[in-house]
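Since the structure is predicted, the reported quantities are computational estimates derived from the model, not experimental observations.
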Amino acid sequence: MTLSKSERILARLETIADGVNGLTGRVWRDRWEALARNEMSAIVIEPQSEDDDLTVIPFADTTLLVNLDILVSGSPLSTLADPIRVDLHSRLMADRSLDGLALDLYPAGRAWQAVSGEIGALRCAYAVKYRTSLTDLTT
C-alpha cells in the first residue's frame, strides 16, 4: 500500500526529530496516553490541519500544519526545553525539503504551557508546503 505524501512527510519529521539532544526512542506520533516521568524529555508530533491551494491545477499545493511538542519534567520549562528546541529547529531547517517531499518548511509559532506539577510543554508549530496530483494524494 502506498502512503499519502502527508503521511510520508510526518514520517520524515519523526526521523529528523529522533535523536535530537539525546531523545532517541522518545519521539512519538499522535501519542494520546500520558508520558511517565522516565519518558521525558520527549517530542510528540501531531498533524493539525491541511489547507489546499488549487491555483496550479492539475496539482494541489497543500500546507500541512504540524505541532512538535517538546515535553520536559522540571523547571523552568523554558530553560529545559530550549536546547531541545534549538537542536530540533536546526535539524529541520537543514532539510527544508524533507528529503524531497516538500516544497518548503518554515516555523509557524511557539507556545509554552505548564501541563501539571513540574511537567511542561513547548509547542513548536511548523508549516510544510507540498504538492500532489489533484487526483492522487500519493504523488
Side-chain angles (χ1 to χ4, degrees):
M1 175 173 68
T2 304
L3 299 174
S4 70
K5 195 173 247 191
S6 63
E7 180 58 29
R8 292 184 314 204
I9 287 168
L10 292 167
R12 180 66 185 149
L13 290 171
E14 184 177 10
T15 298
I16 291 170
D18 194 43
V20 167
N21 264 351
L23 297 185
T24 301
R26 289 182 287 169
V27 175
W28 288 278
R29 293 262 314 275
D30 301 319
R31 179 163 171 154
W32 297 102
E33 22 339 300
L35 295 173
R37 284 192 189 274
N38 66 342
E39 293 178 299
M40 305 238 186
S41 299
I43 296 174
V44 177
I45 300 169
E46 296 178 327
Q48 294 304 301
S49 65
E50 287 184 313
D51 291 312
D52 298 319
D53 177 357
L54 302 178
T55 58
V56 191
I57 290 181
F59 301 102
D61 284 351
T62 301
T63 301
L64 168 64
L65 187 61
V66 180
N67 289 335
L68 291 97
D69 294 336
I70 300 168
L71 302 166
V72 296
S73 176
S75 64
L77 163 62
S78 58
T79 301
L80 294 172
D82 195 62
I84 299 167
R85 169 190 171 192
V86 168
D87 191 17
L88 176 63
H89 182 77
S90 177
R91 289 172 186 251
L92 290 171
M93 293 299 101
D95 185 11
R96 291 178 63 182
S97 76
L98 299 176
D99 204 25
L101 293 169
L103 299 171
D104 202 2
L105 165 81
Y106 50 91
R110 283 142 312 282
W112 289 260
Q113 175 183 351
V115 176
S116 68
E118 289 201 356
I119 296 174
L122 169 55
R123 172 159 285 172
C124 300
Y126 284 86
V128 182
K129 290 189 73 83
Y130 70 94
R131 178 174 285 166
T132 60
S133 164
L134 191 59
T135 59
D136 184 355
L137 295 177
T138 66
T139 60

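- Ionic pairing of Asp95 and Arg91 is not present here: no N-O contact between side-chain nitrogen and carboxylate oxygen is shorter than 4.0 angstrom.
- Note on Leu10: it clusters hydrophobically with Val20, by side-chain heavy-atom contacts below 4.5 Å among ILVMFWY residues.
- Nearest heavy-atom pair across Ile84 and Ser41 is CD1-CB, 3.6 Å.
- Residue pairs satisfying the side-chain hydrogen bond (donor to acceptor under 3.5 Å, both in side chains) criterion with at least one member in residues 119-131, sequence neighbours excluded, are listed as follows: Glu46-Arg123, Glu50-Tyr130, Asp61-Arg131, Thr63-Lys129, Asp69-Arg123, His89-Tyr126.
- Here the OG1-CZ distance, from Thr15 to Arg12, works out to 6.0 Å after rounding to the nearest 0.5 Å.
- By the 4.5 Å side-chain criterion applied to Ile, Leu, Val, Met, Phe, Trp and Tyr, Phe59 is assigned to a cluster that also includes Val56.
- The CG atom of Asp87 sits 8.5 Å away from atom CD1 of Ile43, with the distance rounded to the nearest 0.5 Å.
- A continuous path of ILVMFWY side-chain contacts below 4.5 Å connects Ile16 to Leu23, so both sit in one hydrophobic cluster.
- Residues Ser6 and Thr62 form no side-chain contact, since every pair of their non-hydrogen atoms from C-beta on lies 4.5 Å or further apart.
- Leu64 approaches Pro47 most closely through the heavy-atom pair CD1-CB, 4.3 Å.
- Considering only residues two or more places apart in sequence or on other chains, Asp99 meets the salt bridge (Lys or Arg N to Asp or Glu O under 4.0 Å) condition with none of them.
- Val72 and Trp112 end up in the same hydrophobic cluster when Ile, Leu, Val, Met, Phe, Trp and Tyr side chains are linked at under 4.5 Å.
- Atom-to-atom distance recorded for Leu71:CG and Ile119:CD1 is 8.5 Å, nearest 0.5 angstrom.
- Members clustered with Leu65: none, using a 4.5 Å side-chain heavy-atom cutoff among hydrophobic residues.
- With sequence neighbours left out, Arg26 forms a salt bridge (Lys or Arg N to Asp or Glu O under 4.0 Å) with no residue at all.
- Residues Trp28 and Leu88 do not share a hydrophobic cluster, clusters being chains of Ile/Leu/Val/Met/Phe/Trp/Tyr side chains in contact below 4.5 Å.
- To the nearest 0.5 Å, the span separating CG on Leu122 from CG on Leu68 amounts to 10.0 Å.
- Under a hydrophobic-cluster definition in which Ile, Leu, Val, Met, Phe, Trp and Tyr are linked whenever side-chain heavy atoms come within less than 4.5 Å, directly or via other members, Met93 and Ile70 are assigned to the same cluster.
- The CG atom of Asn67 lies 11.0 Å from the CG atom of Asp30; values are rounded to the nearest 0.5 Å.
- Atom CD in Glu7 sits 13.0 Å away from atom OG1 in Thr138 (nearest 0.5 Å).
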What pairs of donor and acceptor atoms, side-chain ones from residues 102-110 against any protein atom, are under 3.5 angstrom apart with sequence neighbours left out?
from, atom 1, to, atom 2, distance (Å)
Asp104, OD1, Arg96, NE, 3.1
Asp104, OD1, Arg96, NH2, 2.8
Asp104, OD2, Arg96, NH2, 3.2

